Protein chains: 2
Amino acid sequence: MPSKKKIESNDNVPEISPTISVDCVIFGYEDYRLKVLIKRELVPSEIKPNYEWKLPGNRVRLNEDICVAASRILKEQTGLENLSVKPFSVFSDPNRLKRREHDYEWIKPSLEDERVITIAFYSLVNVSVIDNSVLNEDVSWVVPYDIKELMFDHKEVLDEALKKLRYDLLYEPLVFELLSEKFTLTQMQKLYEAIYNTTYDKRNFRRKIQKMPYIIPLYEIETEVAHTPAHLFSFNREVYEKKHTERFDFEV
Amino acid sequence: MPSKKKIESNDNVPEISPTISVDCVIFGYEDYRLKVLIKRELVPSEIKPNYEWKLPGNRVRLNEDICVAASRILKEQTGLENLSVKPFSVFSDPNRLKRREHDYEWIKPSLEDERVITIAFYSLVNVSVIDNSVLNEDVSWVVPYDIKELMFDHKEVLDEALKKLRYDLLYEPLVFELLSEKFTLTQMQKLYEAIYNTTYDKRNFRRKIQKMPYIIPLYEIETEVAHTPAHLFSFNREVYEKKHTERFDFEV
DNA sequence: ACAAAAGTGTTTTGGGTACACCCATGT
DNA sequence: ACATGGGTGTACCCAAAACACTTTTGT
């Protein structure tokens with residue numbers, strides 16, 4: 001370790017910093033529903049060991065970029081690779097690991113430090129596009145609205161991630177990361193409905209989409225559906241880069 | 001240091017975590033203008049040492065809550081006490097301290113680690129209420145729009161803070177932290193104008209304020225002004241807690 | 001024929017925005 | 001008397017929201 005010189009006299013530098021971890025909220029879209037990826041852990045208990053669920057996450061290595069750490073840990077814990085991860089918040093409550101007693105008993109043996117500050121990331125994947133066979137056996141896609149609790153403060157992390165996703169979605173072209181390259185307007189509407197947990201009027205929704213010049217009609221139609229095939233559209237990033245307003249371009 | 005046991009076989013735990021610092025963006029409101037507090041540092045250079053400006057900030061101690069760290073460092077570096085600080089973002093680019101060469105030369109002797117992840121905070125103060133005599137000699141209130149550069153990535157941190165402030169202000173009663181307890185509608189309007197760096201129509205602004213039931217007319221008027229004294233208003237938090245909508249209650 | 005989803009217009013309502021003058025006070 | 005900011009109403013436009021039926025295809 002390098003020597004520790006001090007340049008400010010009142011600078012009482014500690015030997016080391018607090019431990020840092022990353023936790024990842026991976027949102028997916030499948031069967032017209034918003035999903036999130038959680039991981040099962042066997043947690044000891046006086047009575048009998050229980051399975052508990054947490055977000056994928058672990059500690060960051062020294063000199064490892066936190067985004068790299070998030071990607072590495074995601075690969076290790078879920079099997080998923082090459083996701084684009086986005087830090088959105090920090091959770092630093094000194095008691096955050098101790099809120100649920102059993103969880104703390106479980107994590108304690110692996111900690112050097114009683115306190116772990118976590119940097120939370122979210123990421124978006126189109127579940128039908130990724131190779132679900134790479135998914136580890138102990139992870140599962142679940143509908144976030146059905147999740148009542150998670151280990152540690154992970155329910156809070158999830159809630160914040162959803163809040164941030166809902167905000168970011170309004171002014172960044174993130175919807176398209178959850179959609180296939182070619183998509184129908186109904187698919188897009190159902191995705192918005194899944195994310196905002198609401199419903200929209202079809203005609204009003206389409207009127208708003210028509211005003212987005214970067215959503216391009218392809219003059220192609222879907223196939224293999226048991227009803228009138230819908231027109232396909234795609235997102236044109238070049239047009240978006242030129243026309244976007246730095247406002248809520250994606251509000252519907 | 002406690003022993004390091006491992007409960008997950010693929011869990012390659014590092015000896016220590018990356019270094020963590022906090023940086024603070026303190027917004028103030030003075031003379032109808034938005035201000036931010038920056039600190040001067042003497043930075044070496046081949047030619048001659050220069051004064052450069054940075055945000056108040058320093059490393060977090062082991063086992064110190066990051067909000068406590070932010071308050072402590074603010075006191076040490078600016079003289080200000082008892083500010084409510086709010087974490088809003090993380091800056092973790094491995095090169096963030098090296099973007100400006102001289103800055104890195106200046107900070108390098110005090111680092112154990114080449115990389116420092118920083119957690120950024122913002123805080124709001126009414127400049128005319130605080131005791132400005134406690135302010136350290138090397139800090140200064142400046143208009144953020146006039147700041148062209150700061151040390152390291154602090155200009156980016158400032159820009160993000162302003163973006164976050166502008167967002168938070170829409171749905172949290174933060175304006176009142178910058179206003180005196182009793183305020184006129186013009187004072188409030190000018191504050192919004194300062195924060196969003198724009199202008200509003202007086203009548204339209206007042207119409208919107210009238211719709212906020214938690215802004216209470218006091219039936220008092222200002223004194224010591226050289227023109228028609230304006231009516232005074234105050235913010236009633238109890239009414240706000242009952243009536244607020246979890247939406248953009250403070251959009252104007 | 002039936003099931004399923006695609007696609008399409010109109011009306012009403014409320015909010016946003018633009019705009020100009022008189023009044024009250026202190027100097 | 002003058003300078004300064006306080007305070008007020010209206011008209012227009014557009015966007016949001018509510019609402020239902022016909023068409024197309026696969027089975």
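The figures that follow rest on heavy atoms only: side chains count, while hydrogens, waters and symmetry mates do not. A note on names: the letters A, B, ... follow the listed sequences, proteins ahead of strands, and every chain is numbered from 1. The structure displayed is predicted, hence computed values, not measured ones.
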Under 3.5 Å, side chain of A/S140 to main-chain N/O of A/I38, donor-acceptor pair present? no
Please compare B/R207 and B/I221 by the position of their nearest nucleotide in DNA chain C and report the one closer to 5'. B/R207
What are the residues of residues 222-229 of chain B, sorted by number, that bring a heavy atom to within less than 4.0 Å of DNA chain C? B/V225, B/A226, B/H227, B/T228, B/P229
Atom-pair distance (CZ on A/R206; C1' on D/dA20), nearest Å: 15 Å
Listing request: all ring-ring contact (aromatic ring centres under 6.0 Å, His included) pairs with a residue in residues 143-168 of chain B, at least two apart in sequence or in separate chains. A/Y167-B/Y167, B/F152-B/H154, B/Y167-B/Y171
Set of residues satisfying side chain to side chain contact (heavy atoms under 4.5 Å, CB included) with respect to A/T198, sequence neighbours excluded: A/Y196, A/Y200
Axis-to-axis angle across the helix from C/dA1-D/dT27 to C/dT27-D/dA1, five pairs each end, nearest 10 degrees, ~ 0°
Length of the CZ-P vector between A/F205 and D/dA15, whole Å: 18 Å
Side chain to side chain contact (heavy atoms under 4.5 Å, CB included) against B/N95, all qualifying residues, sequence neighbours excluded: B/D93, B/K98
Between P on D/dA20 and CG on A/N204, what's the gap in Å once rounded to a whole number? 13 Å
Under 4.0 Å from any heavy atom of chain A: name the first and the last nucleotide of DNA chain C that qualifies, 5' to 3'. C/dA4 to C/dT10
Those residues of residues 178-203 of chain A lying under 4.0 Å from DNA chain C by at least one heavy atom: A/T186, A/K202, A/R203
Going by heavy atoms in the side chains, are B/L135 and B/W141 under 4.5 Å from each other? yes
With sequence neighbours left out, what residues match A/D153 under side-chain hydrogen bond (donor to acceptor under 3.5 Å, both in side chains)? A/R96
Please tabulate, for side-chain N and O atoms in residues 172-184 of chain A, each donor-acceptor pair with protein atoms closer than 3.5 Å (sequence neighbours left out).
| unit_1 | atom_1 | unit_2 | atom_2 | d |
| --- | --- | --- | --- | --- |
| A/E172 | OE1 | A/K86 | NZ | 2.9 |
| A/E172 | OE2 | A/K86 | NZ | 3.2 |
| A/S180 | OG | A/N126 | ND2 | 3.3 |
| A/K182 | NZ | A/E220 | OE1 | 3.0 |
| A/K182 | NZ | A/E220 | OE2 | 3.1 |
| A/T184 | OG1 | A/Q187 | N | 3.1 |

Would you indicate whether B/K190, at its atom NZ, is surrounded by more than 12 heavy atoms from other residues, nucleotides or ligands within a distance under 6.0 Å? no
Roughly how far apart are B/I216 CD1 and B/F235 CZ, rounded to 0.5 Å? 9.0 Å
Suppose we screen for salt bridge (charged side-chain N to carboxylate O under 4.0 Å, His left out). Which residues come up paired with A/E149, at least two apart in sequence or across chains? A/R100
For B/Y214, ring-ring contact (aromatic ring centres under 6.0 Å, His included) partners two or more places apart: B/Y240, B/F250
How would you list, by chain and number, every residue that makes a side-chain hydrogen bond (donor to acceptor under 3.5 Å, both in side chains) with A/R33, sequence neighbours excluded? none
Short N-O contact, B/E76 and B/R72, less than 4.0 angstrom: yes
